Structure formats: structure tokens, C-alpha cells
Amino acid sequence: MKLSFTDNLTEITELEDFDPVKIFECGQCFRWIPDESGVYTGLFRKHAARVWREGEKVFITSDKETFEAVWRDYFDLDRDYAEIRRMFSIDDYMKKAAEFGKGIRILRQDRWEALCSFIISQCNNIPRIRKIIEALCQLHGEPVEFEGKTLFTFPAAEKLAPLSPEDLAPVRCGYRAPYIIDAARAVAEGRLDLDKLTAAGYETALNTLKTISGVGDKVANCIVLFGLQMLDAFPKDVWIKRALRGNYPKDFSPSVFGQYAGVAQQYMFYYARSGQN
DNA sequence: AAACAGGCCTAAA
DNA sequence: TTTAGGCCTGTT
């Protein structure tokens, strides 16, 4: 990976494994929106940017300082995904999935946002998940002025904690409203300290998250993977279950994919959903 | 129109 | 410990 900076633009070259379309559309996040030419706009906390790829170059509208403080970490740029993909040549299906998903990276997302987002994702489809999260941000997030437009941050737990489920009615999240508020209260009151979960280890983190109502095994694994960067977590949604059923023995354990099983999961999810197999 | 969508919760075997 | 039914809402 090679970096060069101008005033408000970071240019990355010599980095094969960075495809904005796959990163933002592979299902790990819901708030990066493309324009008609494939340029994505989004935020991490209060930091907004546009991101796109032209041939061998990746661009992020960010000065050097913000890139080093925010985006380098957010895009997990110090991890070698090409090397990870090589480790997945252990079986034919996974090899194809990793080739197909080449360019995906696991974002280091905000934990609280990941918790809420995957509560919302349950029994839901992606367009509606996006819509609900966007409404939540517009109604309760903080405005951020960016290139002449107003974007909104993901609302802080403290902001949602005092609300009632009825207050969330305009968000149209249905029966998930009390789940979101429960989670917000747990975080705001300090009962759930997301920052301490990483040190607690996988099992403890998973079980702690599952004490929040509306967070079961699948959602908890998503939070652990996308919010806590435990890349061995392997959330099993219906697509993954289908892929496993069709291509692996019944007693198959994702632990054969090792410490990056979660990355394997993401390649597999993206591949399964693409309908290419 | 009825079923389904990146589950979870509760009650009941 | 596993299984069925219900749940908000929007789309097909």
C-alpha cells in the first residue's frame, strides 16, 4: 500500500483488496450511499468522506491528519487481506467465494452503531434496514455539514435512552423499537460497556451482548465481528446456513477457517447472496 | 393475497 | 434442548 496526500484528498495505490462497492454493499454496513458514478458518501462518527476507486487508485476525501486518525483504522488498512484470502484456498467453495469477494475489507465500525444496526437487521431486508437507520439518524442524530449537504451522525445512546417506543414510531422499525431503547439504556446507564468487551474475550462479549433483549446469537456475533473486530466470529444468518448446508458436511465447524473465520463468513455471505453459485 | 425478509422471544413439549 | 407461533412493516 502506497499513500499520497494533497490538501483534502488521500490517494491509495498498490492495494488490490479495496473495492468500495464490495466493502459497502457486502452487507456489513448500511449507511454508505453511492451516487450515479459509484462514489460513496458516508460517515464514521462525525467524520464524513467520499470514497471511490479509479483503476489502481483508491481515493478518500480526507487530509492526511484525518486519514491517519480515522480512516486508516476504519478501513482496517494495516491488515493484509490478500494474505487472508490465500488462507482460504482450503476448499473449492471458499476459494471461489474469496475470489469473488476480493476487495472486501471488514470495517472497524462504531460499536454502538453496530449494535443498533444489527438489532434492526433482524427479519428484515436491506433496503428497509437502510431506511430505518437513516430515519433514526435524521430524527435523532447530529447534523454534519459536508460539501454543501447536511449529513447526520448515528444518534448517541444517551440521546435514545430517554425515548419511549412510541417516540420511535416515525422511524418505522416496528417491534424492534423497544429493543433499541433497551440497548440505548443499557449503554447510557453503563450496564453495558462496549469498550470493555474486547478485553473480555469472545465468549464473555457474546454472552454479555445477549443479555440485551432483541440480541440473540446471530446479532451478537455480528456485533462482535463488525464492532469489536473479533475476526474469528462467524455469524450464521439464513444465507450462510444455506451455503453451509449446500457445500459442507453437516458437522462442519467454521473454526477450520481459523482466526479470520469472520472474513470467510463475509466472502461467503457476499457470494451466496450474489446468486453466482 | 399471502408469503417473505440477514431473528428473537416466549411458551410448551 | 428443541420447536412452533407471533411479531412491525414494506415489498412482491
Side-chain angles (χ1 to χ4, degrees), chain A residues 21-33 97 100-101 104-107 109 111 113-140 154 160 163-187 192 205-228 230-231 233-248 250-251 254 261-277:
Chain A
V21 178
K22 292 181 188 174
I23 290 171
F24 298 132
E25 307 287 353
C26 74
Q28 63 178 320
C29 62
F30 304 98
R31 291 206 68 203
W32 287 85
I33 309 297
F100 183 77
I104 290 176
R105 314 179 73 81
I106 303 295
L107 297 170
Q109 302 186 50
R111 296 161 176 207
E113 179 174 340
L115 167 54
C116 276
S117 298
F118 286 97
I119 285 176
I120 291 166
S121 79
Q122 68 179 254
C123 201
N124 218 335
N125 53 56
I126 288 178
R128 191 175 161 224
I129 298 168
R130 291 202 148 112
K131 228 167 148 182
I132 290 170
I133 295 175
E134 208 44 49
L136 193 59
C137 295
Q138 290 199 12
L139 291 172
H140 300 287
F154 192 87
L160 300 182
L163 302 181
S164 70
E166 296 75 50
D167 293 326
L168 283 186
V171 170
R172 311 301 288 162
C173 59
Y175 66 85
R176 304 162 194 83
Y179 296 162
I180 293 169
I181 290 166
D182 277 359
R185 289 182 182 162
V187 170
L192 176 62
L206 199 72
N207 290 326
T208 306
L209 288 165
K210 282 159 85 168
T211 63
I212 304 297
S213 72
V215 178
D217 199 62
K218 190 270 177 181
V219 168
N221 271 289
C222 284
I223 300 162
V224 163
L225 174 58
F226 301 123
L228 306 184
M230 295 187 186
L231 296 190
F234 196 93
K236 289 179 192 163
D237 72 303
V238 291
W239 292 95
I240 291 290
K241 285 177 184 165
R242 212 172 296 161
L244 290 178
R245 203 165 46 234
N247 300 280
Y248 295 89
K250 209 166 64 191
D251 59 347
V263 183
Q265 178 274 160
Q266 207 57 33
Y267 288 135
M268 197 182 283
F269 178 78
Y270 184 66
Y271 187 49
R273 273 185 53 97
S274 76
Q276 297 288 305
N277 44 344

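Remember, predicted model here, so these are calculated numbers, not experimental data. Heavy atoms only: backbone and side chains are in, while hydrogens, waters and symmetry mates are out. Each chain gets a letter, A, B and so on, in the order its sequence line appears, and its residues count up from 1.
Under the 4.5 Å side-chain criterion, counting only non-hydrogen atoms from C-beta, A:Arg273 is in contact with A:Ile126.
Atom P of B:dC4 sits at a distance of 14 Å from the matching atom of C:dG5, rounded to the whole Å. Comparing C:dG10 with B:dC9, their P atoms are spaced 23 Å from each other, to the whole Å. Here, C:dG6 and B:dA2 have their P atoms 15 Å apart, quoted to the whole Å.
As a whole-Å value, the separation of A:Phe226 CZ from B:dG6 C1' is 10 Å. One atom, CZ of A:Phe118, and another, P of B:dA5, lie 18 Å apart when rounded to the nearest Å. One interatomic measurement links the two molecules: CZ of A:Arg242 to C1' of B:dG6, which rounds to 10 Å at whole-angstrom precision.
A donor atom on one side chain and an acceptor atom on the other are found under 3.5 Å apart for A:Asp167 and A:Ser164.
Residue contacts for A:Ile126: at a heavy-atom cut-off of 4.0 Å it reaches a base atom on one of the strands shown. Residue A:Arg172 is classed as a sugar-phosphate contact, given heavy-atom separations below 4.0 Å to backbone atoms only. Contact annotation for A:Phe30: base contact, defined as any heavy-atom pair under 4.0 Å involving a base atom. Heavy atoms of A:Arg273 sit under 4.0 angstrom from primed sugar atoms or phosphate atoms, though from no base atom.
Checking side-chain atoms of A:Gln28 against main-chain N and O of A:Phe226 turns up no donor-acceptor pair under 3.5 Å. A donor-acceptor pair is defined here as one N or O able to donate and one able to accept, closer than 3.5 Å; no such pair exists between the side chain of A:Arg31 and the backbone of A:Ile133. Looking at A:Gln265, its side chain never comes within 3.5 Å of a backbone N or O of A:Ile240 through a donor-acceptor pair. Counting only distance, with no hydrogens or angles, the side chain of A:Gln122 and the backbone of A:Lys218 share no donor-acceptor pair below 3.5 Å.
Ring geometry, A:Phe100 versus A:Tyr271: the interplanar angle falls from 30° to 60°, so the pair is classed tilted.
Remark: DNA chain B takes part in the stems B:2-5 with C:9-12, B:7-13 with C:1-7, each of 3 or more antiparallel Watson-Crick or G-U pairs, criterion distances under 3.5 Å.
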>> Output one letter per nucleotide in nucleotides 7-13 of chain B: B when a protein non-hydrogen atom lies under 4.0 Å from the base, S when only the sugar-phosphate is that close, - when neither is.
In response: BSS----

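Between A:Phe269 and A:Phe234, the ring center distance fails the sub-6.0 Å criterion.
Interatomic distance, CZ of A:Arg176 versus OG of A:Ser121, reported as 8.5 Å (0.5 Å rounding).
Reading DNA chain C from its 5' end, the first and the last nucleotide to sit under 4.0 Å from a heavy atom of chain A are C:dC7 to C:dT11.
The two residues A:Leu160 and A:Ile181 have their closest heavy-atom pair at O-CG1, 4.3 Å.
Checked for salt-bridge contact, A:Glu134 and A:Arg172 miss the test: no charged N lies under 4.0 Å from a carboxylate O.
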